[in-house]
2 protein chains.
Amino acid sequence: MKKNLFKFKMTPQRMAILNYLKDNKDHPAVEDIYKSIITQFPTISLATVYKNLEMLKNLGMLKELSIGQDKKHFDPNVSPHHHLICKECKKIVDIDVKFDLNIPEHSKKGFEIIGSHIEFYGICPECKKKS
Amino acid sequence: MKKNLFKFKMTPQRMAILNYLKDNKDHPAVEDIYKSIITQFPTISLATVYKNLEMLKNLGMLKELSIGQDKKHFDPNVSPHHHLICKECKKIVDIDVKFDLNIPEHSKKGFEIIGSHIEFYGICPECKKKS
DNA sequence: TTTTTAATTGATAACAATTATTATTTAATA
DNA sequence: TATTAAATAATAATTGTTATCAATTAAAAA
């Protein structure tokens, strides 16, 4: 039989979190995830959700978005992409466009660049309609 | 004499905050600002710093950076520019390079784009030396 | 299958950053 | 100088997140 090389157990709670996040394009905050999972696991603790998200992030299965300084948001899409953020409703939407972000060497200020992320700010169609 | 069209007073505390931020390129967090001002105003309250920063932001004299989800950082440079962020020490450095970030209309998902901001992640020269 | 054990859970306390509240003080105008 | 609305300082409250720990449980070993 296959040995579990990772030192973690597949608990029903963890499974539910993974399942909720799978193909999720909403960039949910921790509370969003919690509120959904608690319908299936009425006793789940918010701390459990936090711990699982931290773990899945460390395993590279999730990316944490630092958009807005308020809450942590998680993205199961770990491949490089950028985001559109609505200034009104704070909705986060993927933008699947590649940009050339090469920095001329003399502008790098000695940094070794590892990655990049663009946040586009604007008004989403729903909020535009309202105003 | 000139009337103050804005409904705010120029207090010594506010002046000190403005002065600290003027030409500041360090993207300080609230506590950094507080720690500096308190040397001149030993009785200043952290809440006063918060309120002033919020006000100056609303007046368009500062920009709030949402880099990292931990603390609020403020930037007196309100003209569009991007940032290099050190993954090790979390230092934030301006990058004065213009990028072409035009999004093809069909990729805008109905958003009206207002602005954009690029975060480049990497290792700063100081941290590179250490490791 | 049963036992063992280390990981995980849930409950809650602790914590850090920020915001709200309020009595007192003060800058700006009359 | 007197008036008054805005600002301050002190502190309580709130929010989001992390730490702690006893009880539980999934997975490896027996």
Side-chain angles (χ1 to χ4, degrees), chain A residues 1-21 27-59 61-74 90 92, chain B residues 1-21 27-59 61-74 90 92:
Chain A
M1 80 227 73
K2 234 190 287 186
K3 241 205 265 189
N4 186 351
L5 294 174
F6 303 101
K7 286 291 188 357
F8 68 84
K9 304 182 194 173
M10 190 46 70
T11 65
Q13 294 89 337
R14 181 162 295 158
M15 200 101 87
I17 293 170
L18 275 169
N19 195 54
Y20 175 81
L21 255 358
H27 313 85
V30 182
E31 223 189 282
D32 301 321
I33 301 167
Y34 175 66
K35 277 186 181 158
S36 166
I37 306 295
I38 206 169
T39 63
Q40 316 163 49
F41 293 87
T43 67
I44 199 172
S45 170
L46 187 56
T48 298
V49 178
Y50 271 102
K51 274 180 271 190
N52 273 290
L53 292 170
E54 176 69 15
M55 179 189 222
L56 297 170
K57 181 181 81 174
N58 291 337
L59 289 172
M61 300 173 74
L62 295 179
K63 257 182 133 178
E64 185 183 326
L65 304 183
S66 46
I67 282 173
Q69 58 296 108
D70 45 347
K71 302 176 194 174
K72 290 190 166 185
H73 291 257
F74 288 87
K90 312 299 177 193
I92 304 168
Chain B
M1 80 229 69
K2 234 188 289 185
K3 242 204 267 190
N4 185 352
L5 293 175
F6 302 102
K7 285 290 184 4
F8 67 83
K9 305 182 193 174
M10 190 45 70
T11 64
Q13 293 90 334
R14 181 163 294 160
M15 198 101 85
I17 292 170
L18 275 169
N19 195 55
Y20 175 82
L21 254 358
H27 313 85
V30 181
E31 221 188 283
D32 301 321
I33 301 167
Y34 175 66
K35 277 185 182 161
S36 166
I37 306 295
I38 205 169
T39 62
Q40 317 163 49
F41 293 88
T43 67
I44 200 173
S45 170
L46 187 56
T48 299
V49 178
Y50 271 102
K51 272 181 267 190
N52 274 289
L53 292 171
E54 177 69 15
M55 179 189 222
L56 296 170
K57 182 182 80 174
N58 290 338
L59 288 171
M61 300 173 75
L62 295 179
K63 258 183 134 177
E64 186 183 325
L65 305 184
S66 48
I67 283 173
Q69 58 295 106
D70 45 347
K71 302 176 193 174
K72 290 190 166 184
H73 290 258
F74 288 88
K90 313 298 179 193
I92 304 167

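Residue numbers begin at 1 in each chain, while the letters A, B, ... track the order of the sequences. All heavy atoms count here, side chains included; hydrogens, waters and symmetry mates do not.
Here B/Gln13 lies in heavy-atom contact (under 4.0 Å) with sugar-phosphate atoms only. Nucleic acid contact class of A/Met55 (heavy atoms, under 4.0 Å, all strands): sugar-phosphate only. Contact annotation for A/Thr11: backbone-only contact, meaning every heavy-atom pair under 4.0 Å involves sugar-phosphate atoms and none involves a base.
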Please list, one pair per line, the donor and acceptor atoms closer than 3.5 Å that link side chains of residues 10-21 of chain A to other protein atoms, with sequence neighbours excluded.
| unit_1 | atom_1 | unit_2 | atom_2 | d |
| --- | --- | --- | --- | --- |
| A/Thr11 | OG1 | A/Arg14 | N | 3.1 |
| A/Arg14 | NE | A/Asn52 | OD1 | 2.4 |
| A/Arg14 | NH1 | A/Lys9 | O | 2.8 |
| A/Arg14 | NH2 | A/Asn52 | OD1 | 3.1 |

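At a threshold of 4.5 Å between non-hydrogen side-chain atoms, the residues A/Leu53 and A/Lys57 do not count as touching.
Summarising the local packing, CE of A/Met55 is surrounded by more than 12 heavy atoms from other residues, nucleotides or ligands at distances under 6.0 Å. Other residues, nucleotides and ligands contribute only 12 or fewer heavy atoms inside 6.0 Å of the CD atom of A/Glu31.
When the nucleotides D/dA6, D/dA26, C/dT19 are ranked by their closest atom to the side chain of B/Lys72, C/dT19 comes out on top. Proximity note for A/Lys71 (side chain, C-beta onward) versus D/dA9, D/dA27, D/dT17: the nearest is D/dT17. Checking D/dA27, C/dT19, C/dG10 against the side-chain heavy atoms of B/Tyr50 singles out C/dT19 as nearest.
Both A/Lys51 and A/Glu31 sit near DNA chain D, but only A/Glu31 has its closest nucleotide nearer the 5' end.
Distances shorter than 4.0 Å separate none of the side-chain N or O atoms of B/Lys9 from OP1 or OP2 on D/dA6.
In the helix from C/dT1-D/dA30 to C/dA30-D/dT1, the terminal helix axes, each the rotation mapping four pairs' C1' atoms onto the next four within five end pairs, subtend 30°, rounded to 10°.
No donor-acceptor pair under 3.5 Å is formed between the side chain of A/His73 and the backbone N or O of A/Leu65.
Between the side chain of B/Thr43 and the base of D/dA9 there is no donor-acceptor pair of N/O atoms closer than 3.5 Å.
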